[in-house]
Amino acid sequence: MPELPEVEIVKRGLKNTLTGQKIQSIKRHRHNLRHNIPIALETALGNSRIINFVRRGKYILMELDNQFTVLFHLGMSGKLIVQPLNTRYEKQIHEHLTLITYEEYYLKFIDPRRFGIIDLFLTKKKHKLLINMGPEPLASDEKQSEKYCKELSDYLFKKFKNKKQFIKNVLLDQHIIAGLGNIYVCEALFLSKISPFRRALSLSFEEIYSLIQSIQTILLQAIKAGGSSMRDYVHVNGKRGYFQMQWNVYGKEGEYCTFCLKLNNINKIKRGIQAGRSSFYCDLCQK
DNA sequence: CGTAACTCCTGATGGC
DNA sequence: TGCCATCAGGAGTTAC
């Protein structure tokens, strides 16, 4: 399930391979995913040049040299795959859209579960899905990281003041903070030793600050490892990420907590359900 | 308004 | 071995 690190890796892959290329043709194999794929897509993309790729939360934005930007969301199982034209083109199963460039590359959007989104908007206007999105968890400039961490903590401290929900569920809400999904929320809460069952409003400023630090640490480590590959997620070249090797709690119900072992404690990772989603945690470490 | 349940979908998994 | 129920979850929509 692609979250911020996975989407960031895909965006970088697209940027490195396709920036500057001109779109020659568009093959549409399906008219809808989660929403309808806009009818105007072929017209908007035809003969346009790709000038940049940007990530916002879990969205990828492909900016064109005309007035349009294409918005991609990978949903649960979406992939964006880039291949040179010399590998013979074959439509894969669940391939819904294919772009072909004059520079002889394919871009394929593949998504078995079809929770993904492909949409189009005018670059100078903001897409409606981006308007109410919360701030990015990472600073745009790594040197500003500490300052940004403080800013985010101030912001979240205010946001959490009247939030009665579990901290776990609040962190998953893209309108509060963008880019986090179940895996990285579980891992960040574990790292900051905060129970997923705490109510957001019960967190002190110091705890929120520590939580933001943990979120940033986890996300940066995950990006460095090329993201987490479970089933579907791969880079644009088809290679897998390996951050799943570094998970401490996610998917580890019944295994011993490694932090506890270091302190000569023995405790097993628990799994609970919150808002219909699994939460993995150590009830000895996380309070 | 805030909050929670519901919904979409396919593939992996486990029980019998 | 095959069949069926269950689960995974992002995020918009609906209901309260």
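Hydrogens, waters and symmetry mates play no part in the numbers below; they use all other heavy atoms, side chains included. Note that the structure is predicted; figures quoted are calculated from it, not measured. Note on naming: letters A, B, ... go to the chains in the order of the sequence lines (proteins, then strands), and numbering restarts at 1 for each one.
Atom CD1 in A:Ile176 sits roughly 14 Å away from atom P in C:dA11 (whole-Å rounding). Rounded to a whole Å, the CG atom of A:Asn36 is 16 Å from the P atom of B:dC8. The interatomic distance linking A:His96 (NE2) with B:dC9 (P) rounds to 12 Å, in whole Å. Rounding to whole angstrom units, CG of residue A:Asn32 and C1' of B:dT10 are separated by 15 Å. Nucleotide B:dC1 holds its P atom 15 Å from the CG atom of A:Asp173, rounded to whole Å.
Taking Ile, Leu, Val, Met, Phe, Trp and Tyr as members and joining any whose side-chain heavy atoms lie under 4.5 Å apart, directly or through other members, the hydrophobic cluster of A:Phe166 also contains A:Phe197, A:Tyr281. Grouped by direct or indirect side-chain proximity (heavy atoms under 4.5 Å, Ile/Leu/Val/Met/Phe/Trp/Tyr only), A:Leu261 sits with A:Tyr256, A:Ile266. When hydrophobic side chains of Ile, Leu, Val, Met, Phe, Trp and Tyr are connected at separations under 4.5 Å, A:Met245 ends up clustered with A:Tyr242.
Formation of a donor-acceptor pair under 3.5 Å by the A:Lys270 side chain with backbone atoms of A:Lys268 is found in this model. A:Glu3 places a side-chain N or O within donor-acceptor distance of the main-chain N or O of A:Tyr184, the cut-off being under 3.5 Å. The closest donor-acceptor contact from the side chain of A:Ser210 to the backbone of A:Glu206 lies at 3.5 Å or more, if one exists at all. The backbone N or O of A:Ser204 lies less than 3.5 Å from a partner atom in the side chain of A:Glu207, making a donor-acceptor pair. No donor-acceptor pair under 3.5 Å is formed between the side chain of A:Glu255 and the backbone N or O of A:Ile269.
The ring pair (Phe, Tyr, Trp, His ring centres under 6.0 Å) contacts involving residues 200-234 of chain A comprise A:Phe157-A:Phe205, A:Tyr233-A:His235, where partners must be two or more places apart or lie in separate chains. Pairs of residues two or more places apart, or lying in two chains, that qualify as salt bridge (Lys or Arg N to Asp or Glu O under 4.0 Å) and include a residue from residues 105-121 of chain A are A:Glu95-A:Lys108.
Contact check, A:His175 against C:dG12: a side-chain N or O comes under 4.0 Å of OP1 or OP2. The shortest distance between the side-chain N/O atoms of A:His35 and the OP1/OP2 oxygens of C:dA11 is not below 4.0 Å.
Rounded to 10 degrees, the angle separating the terminal axes of the helix from B:dG2-C:dC16 to B:dC16-C:dG2 is 50°, with each axis obtained from five end pairs.
Applying the side chain to side chain contact (heavy atoms under 4.5 Å, CB included) rule to A:Glu63 yields the partners A:Ile51, A:Asn52, A:Val54, A:Thr69; only residues at least two apart in sequence or on another chain are considered. Taking the ring pair (Phe, Tyr, Trp, His ring centres under 6.0 Å) definition, one finds that A:Phe121 meets it with A:His127, sequence neighbours left out. Every residue two or more places apart in sequence or in another chain that forms a salt bridge (Lys or Arg N to Asp or Glu O under 4.0 Å) with A:Arg49 is listed here: A:Glu103.
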Take nucleotides 5-10 of chain C nucleotide by nucleotide from the 5' end and write B, S or -, depending on whether a protein heavy atom sits under 4.0 Å from the base, only from the sugar-phosphate, or from neither. ---BBB

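Contacts between residues 129-140 of chain A and DNA chain C, defined by a heavy-atom separation under 4.0 Å, are made by A:Leu129.
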Sort me out a list of protein N/O and nucleotides 2-4 of chain B N/O pairs below 3.5 Å, or just none if empty.
| from | atom 1 | to | atom 2 | distance (Å) |
| --- | --- | --- | --- | --- |
| B:dT3 | OP1 | A:Lys164 | N | 3.4 |
| B:dT3 | OP2 | A:Lys163 | NZ | 2.9 |
| B:dT3 | OP2 | A:Gln165 | OE1 | 3.3 |

